[in-house]
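One structure below.
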Amino acid sequence: MTLTSEERKIIEDSIRDIKDFPKEGIVFKDITTLLNNKEAYALLMKHLHDRYKSYNLDYIAGIDARGFIFGAALAQMLGLGFVPIRKKGKLPYTTISEKYALEYGVDEIEVHIDAFGEKKGAKVLVIDDLIATGGTANAAATLVNQTGAKCVECCFIIGLTFLDGIQKLEEKTKVYSIVEVD
Ligand code: AMP
């Protein structure tokens, strides 16, 4: 089910822009004002449920930390398990990890080695609030695939289309973003 332009606008208008956070030149897309707006949050979650109910997914994987909010709610709505993909050093059991480039330096995310169960090729949706350069999501999709599961799509509430993150990620998996910012 596609969103009407009015519905998309309600979601878009609920996201607040914070200029120069966390540093000068960045416009931070603040989704806390989407989450505390019951109409926008409900519309968004209903749309995600409508889109993914026919995907025959096995798991939803959320990226640390805002991907947990949308991912855990969606997993519950779809009757699926939820898997957190976390920043390095947070998960207690055996993990596999993947490094990715930041503007300055590198970061690393991890997933539990057995997070997607024993079935090979379990179908996984990766979700986060926003895609910028795509480095984080690319590493997340790589991790999912390395466990023996399959990342069938990456979903974002916001896609920054002035960067080439979406294009690069599309070389690896399908990409869906609800609000595109150019
Ligand atoms: P990237 O790996 O460059 O695609 O960055 C994506 C990650 O950084 C996501 O987990 C986002 O939550 C966060 N992020 C990057 N840029 C922004 C931004 N302008 N506003 C809010 N979050 C951002």
Side-chain angles (χ1 to χ4, degrees), residues 8-37 40-41 44-45 47-48 51-52 59-75 82-91 95-112 115 124-147 151-182:
R8 195 178 303 274
K9 192 167 168 6
I10 290 168
I11 294 170
E12 193 168 349
D13 289 351
S14 73
I15 299 164
R16 174 165 64 181
D17 284 358
I18 311 286
K19 288 206 177 75
D20 298 323
F21 182 88
K23 57 184 179 185
E24 222 177 299
I26 304 281
V27 179
F28 190 86
K29 307 300 279 188
D30 177 16
I31 52 94
T32 66
T33 45
L34 186 169
L35 295 170
N36 75 2
N37 176 327
Y41 188 32
L44 172 75
M45 294 313 301
H47 173 61
L48 291 175
R51 177 178 176 84
Y52 290 111
Y59 296 92
I60 307 289
I63 299 178
D64 202 342
R66 291 181 290 271
F68 296 170
I69 301 165
F70 303 105
L74 181 60
F82 173 76
V83 172
I85 296 180
R86 298 217 62 182
K87 295 274 167 64
K88 189 177 170 58
K90 302 286 185 187
L91 290 170
T95 57
I96 53 170
S97 67
E98 183 74 12
K99 292 194 174 76
Y100 58 97
L102 297 174
E103 197 178 351
Y104 301 104
V106 287
D107 215 336
E108 196 166 349
I109 51 173
E110 300 184 323
V111 72
H112 276 149
V124 178
L125 174 76
V126 170
I127 188 161
D128 201 1
D129 65 330
L130 180 143
I131 179 166
T133 66
T136 317
N138 220 295
T142 300
L143 279 182
V144 170
N145 293 342
Q146 276 174 0
T147 65
C151 172
V152 294
E153 186 158 298
C154 286
C155 172
F156 307 94
I157 316 311
I158 306 148
L160 304 187
T161 54
F162 56 87
L163 297 169
D164 62 358
I166 294 175
Q167 272 166 278
K168 278 195 282 183
L169 187 59
E170 277 173 341
E171 291 168 18
K172 176 170 281 171
T173 186
K174 281 172 54 181
V175 180
Y176 179 61
S177 61
I178 295 165
V179 173
E180 303 211 316
V181 178
D182 47 27

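Note: hydrogens, waters and symmetry copies are ignored here, and every other heavy atom, side chains too, is used. Counting starts at 1 for both ligands and their atoms, in listed order.
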Within 6.0 angstrom of E108 CD, more than 12 heavy atoms from elsewhere: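 Yes.
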Separation of H47 NE2 from I178 CD1 (nearest 0.5 Å):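 Going from CD1 on I178 over to NE2 on H47, the span is 4.5 Å.
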Rounded distance (nearest 0.5 Å) linking atom CG of L125 with atom CD1 of I60: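 Reported value, rounded in 0.5 Å steps: 4.5 Å.
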Verdict with supporting geometry, T173 and N145, side chain to side chain contact (heavy atoms under 4.5 Å, CB included): CA-CA 11 Å; T173 186; N145 293 342; over 6 Å; no
What protein heavy atom lies closest to [atom]? Include the residue and the distance to one decimal.
{"atom": "atom 6 (C) of ligand 1", "result": "L130 O, 3.7 Å"}
{"atom": "atom 11 (C) of ligand 1", "result": "D129 OD1, 3.5 Å"}
{"atom": "atom 20 (N) of ligand 1", "result": "K29 N, 2.9 Å"}
{"atom": "atom 3 (O) of ligand 1", "result": "T133 OG1, 2.6 Å"}
{"atom": "atom 19 (N) of ligand 1", "result": "V27 O, 2.9 Å"}

Y100-ligand 1 polar pair, N/O distance under 3.5 Å: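 It does not: no N or O of Y100 is found under 3.5 Å from an N or O of ligand 1.
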Ligand 1 to I26 polar contact by distance, N or O atoms, under 3.5 Å: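 Between I26 and ligand 1 (N or O atoms, distance only) the closest approach is not under 3.5 Å.
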For residues 153-162, which side-chain N or O atoms pair as donor and acceptor with protein atoms under 3.5 Å away, sequence neighbours left out?
residue : atom : partner : partner atom : Å
E153    : OE1  : Y55     : OH           : 2.9
E153    : OE2  : R51     : NE           : 3.1
E153    : OE2  : R51     : NH2          : 2.9
E153    : OE2  : Y52     : OH           : 2.5
E153    : OE2  : Y55     : OH           : 3.4
T161    : OG1  : V181    : O            : 3.0

Could you pull out every donor-acceptor pair under 3.5 Å between side chains of residues 127-136 and any protein atom, sequence neighbours left out?
residue : atom : partner : partner atom : Å
D128    : OD1  : G67     : N            : 3.4
D129    : OD2  : R66     : NE           : 2.5
T133    : OG1  : G135    : N            : 3.3

Sub-4.0 Å protein heavy atom near atom 8 (O) of ligand 1: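 Given the 4.0 Å limit, the answer for atom 8 (O) of ligand 1 is no, no protein heavy atom qualifies.
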Whether F82 and F68 hold their rings parallel, tilted or perpendicular, with breakpoints at 30° and 60°: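 Because their plane-to-plane angle is over 60°, the rings of F82 and F68 count as perpendicular.
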Which atoms of ligand 1 sit under 4.0 Å from any heavy atom of [X]?
{"X": "R66", "result": "11 (C), 12 (O), 13 (C), 22 (N)"}
{"X": "T136", "result": "1 (P), 2 (O), 5 (O), 6 (C), 7 (C)"}
{"X": "D128", "result": "9 (C), 10 (O)"}

Ligand 1 contact on L163 by region, counting heavy-atom pairs under 4.0 Å: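 The answer is neither.
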Short side-chain donor-acceptor distance under 3.5 Å, K172 and N138: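 Yes.
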Any G134 heavy atom less than 4.0 Å to ligand 1: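 Judged by the 4.0 Å heavy-atom criterion, G134 does count as contacting ligand 1.
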D64 and R86 ion-paired at < 4.0 Å: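 Looking at R86 together with D64, the answer is yes, because their closest N to O distance falls below 4.0 Å.
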